[in-house]
Amino acid sequence: MSVSIRVTLPDGSVREVPSGTTAREIAEGIGAGLARAALAARVNGTVWDLDRPIDADATLAILTERDPDALELLRHSSAHILATAVRELFPGAAIGFGPPIENGFYYDFQVDRPFTPEDLERIEAKMGEVAARDYPFVREVVDRPAANRRFADDPLKLERISELRDDETITVYTDGPFQDLCRGPHIPRTGRLKHFKLLSAAGAYWRGDERRQMLQRIYGTACFKKDELDAYLHRLEEARKRDHRRLGRELDLFMFHPSAPGAAFWTERGTTLYNLLVEFVRERQAGAFKEIKTPLMYNKMLWELSGHWGKYRENMFMVLNKETNEADASLKPMNCPSHYLLYAAKKHSYRELPLRFVTFDVLHRNEVTGALSGLTRVRQFAQDDCHVFLSEGQIADEVSFLMDFILGYYRTFGLEASLKFATRPETRIGSDEMWDRAEAALRAALEATGMPYELNPGDGAFYGPKIDFDVTDSIGRSWQLGTIQLDYAAPERFDLVYVGDDNAEHRPVVIHRAVSGSFERFIAILIEHFAGAFPVWLAPEQVRVIPISDAQGDAGRRLVERLQAAGIRAHLDDRNETLNYRVREGEVGKVPYMAVVGQREADSDGLALRVRGAGKKQDVMSAEAFIARVTDEARTRALAP
RNA sequence: GCCACUGUAGCUCAGUGGUAGAGCACUCGAUUCGUAAUCGAGCGGUCGUCGGUUCAAGUCCGACCAGUGGCUCCA
């Protein structure tokens, strides 16, 4: 005896079908084409396997390749197919987790030896076979004892099973010879996987815990269409080409040397770029901020007061005391404590608040070797660091002020930032009333911008809530750049006070603010963002003057002098090379403007302008007009060319 | 710090146990050119470092250093 259920389709129509009918059967009832295209179903808003019986009234939509959720499904199933292949080639491999991720999927294995690149090729070929065998993905609901029996040989899975709550449904998915503990859902058959590639193998701690054993992770990606896969691989290649480490060398901006791992050497051009950024921040901060400099090295008295000596010591470069032979001093890893000392050194009136200390001092953090990476993760760097001392009543206005400052800064570079609002964590200091006020003030300032923001409940610092500014780079990596953090703890710890209009001492609040994060990392992001083709105001070399032949050498030299006198970073390329060769070098070197001087231009006190990236198209103009153009673009910090 | 991979000329790379190679860059010479690589010659490496195996090591083994991809962490 079968009970009927009512299934509502996206167009609003209702089908009455026997309980236990699958989405596939309903799709077949709608049309053979839909049934062929079907990958899964969305039942009451949740993605289900196509062949899972539906036993109650439901809304149902058939998922095809076109559905945004389908790709995740394919990639999750790809991970299973990867595991299927690995198990065939490495029968003893224990399996960890295999989820879909942003651009593909991975699976973790416990194997006797790590995978080699050759293994990856074999595994990829085997995945093709598994897909071609077109196994169905079969879902089964099992009870705990059955699950334990099935994965008796697999300690990782047994550990996972033991953590499942009793009220959780345990499901097992099987494709051909491979079964996996998995919540699903999956594509109906392995044959639906056609376009995939394994990308890399790497170690990864089991459960992401560095105290647990290391598993071998294989990363891969999969798409529904070949051109999508090709496009993704092409994107990876493009990202590799604009990698700041490669461009940093090619454009002669910086280098690293084994003598100073994690600390950059800046060339003349790189230093020009670095200083231009610092100058830009200085210019924007002029007036409202007070730039200060504090020592780079401190004895442990300060770090004990700040708490770093206990919690952050591992990351600090220690300095040995010659007499006691003990490490009792350190290079500063952060500016905050020294700013507090300077603040506390004299009495402050409420009239001075908000008082904004900014600095570009050099910081050192002893990052573990494996964490270092180009300019994005270094041991020596400088932040555009600011600490604001203010009264609690000034928070809302101050946060608005700082947000405008930060967003305007990013806008200059054409960078899009997304905002995150992190609220009180479980372990925190201060009263609930204090947190209520702080969060309300931050939130009000956030909403005043009208920008969308993501809520990160519980992610605030123990000393106060914060707003983080994330920027996404060309490779799709997201970087936390700026931050606005309220700090109620530091003023207590350092006993910071100001004198109020009641002539009594009051506790200020501190706001930590950074805009670029660190200049080093920000430059890395800019290099990749612009692919090395900096806007005129930032380009280390703005103009390259190229006399066509020796006869125009003097005219070229005069032009360079004139440009330099106008404050333009111009260089002469009068080398004994062909015009074509020198133009090519200018293009490859991403110089925004090439000013070519032939006899006609030499006679008329002009130049033939070639704009970076615009090809052969040239624009003959007077030196005067050109100077006006370049200085204007530099002054306004225009993004083009 | 952990796992794997990589390290040969300034750069990109070839060289799988038998006398170190190519292209570009650089230097010199010729060429004086109208918008993405002119021609020729030359210079340049104790093959990351140290140790081991071997008659013989860039090549095989070990340790260390550095880089890369991840994990952990993070500006």
Closest listed nucleotide, where the reference is the side chain of A:Arg575 and the choices are B:C26, B:G67, B:A75: B:C26

No-hydrogen, no-angle side-chain donor-acceptor test under 3.5 Å, A:His512 and A:Asp487: yes

Any donor-acceptor N/O pair under 3.5 Å between B:U32 base and A:Asp550 side chain: yes

Side chains of A:Glu159 and A:Trp206, donor plus acceptor under 3.5 Å: yes

Listed nucleotide nearest any side-chain atom of A:Lys616, set B:C73, B:U35, B:G34: B:U35

Side chain to side chain donor-acceptor pair (under 3.5 Å) between A:Ser338 and A:Asn335, intermediate numbers included: CA-CA 6 Å; A:Ser338 61; A:Asn335 292 306; 4.9 Å; no

Whether A:Phe381 stacks on the six-membered ring of B:A75 base, 5.5 Å and 30° limits: yes

Distance in angstrom units between A:Glu577 CD and B:C26 C1', rounded: 11 Å

Presence of A:Ser200 side-chain N/O under 4.0 Å of B:G69 phosphate oxygens OP1/OP2: no

Any N/O donor-acceptor pair, A:Glu367 side-chain to B:A75 base, under 3.5 Å: yes

Nearest-neighbour nucleotide for the A:Val368 side chain, B:A37, B:C3, B:G1 considered: B:G1

Touch class at under 4.0 angstrom, heavy-atom based, for A:Gln618 against every strand present: base

List the atom pairs, with distances to 0.1 Å, where a side-chain N or O of residues 273-280 of chain A and a protein N or O form a donor-acceptor pair under 3.5 Å, not counting sequence neighbours.
{"unit_1": "A:Tyr274", "atom_1": "OH", "unit_2": "A:Glu520", "atom_2": "OE1", "d": "3.4"}
{"unit_1": "A:Tyr274", "atom_1": "OH", "unit_2": "A:Glu520", "atom_2": "OE2", "d": "2.9"}
{"unit_1": "A:Asn275", "atom_1": "ND2", "unit_2": "A:Thr271", "atom_2": "O", "d": "3.4"}

A:Ile218 CD1 - B:C5 P separation (whole Å): 14 Å

Closest to the A:Val378 side chain, choosing from B:A75, B:U35, B:C33: B:A75

Sugar-phosphate only, base, or nothing, as touched by A:Ala608 at under 4.0 Å among non-hydrogen atoms: base

Touch class at under 4.0 angstrom, heavy-atom based, for A:Phe522 against every strand present: nothing

Interatomic distance where OH belongs to A:Tyr593 and P belongs to B:U35 [whole Å]: 21 Å

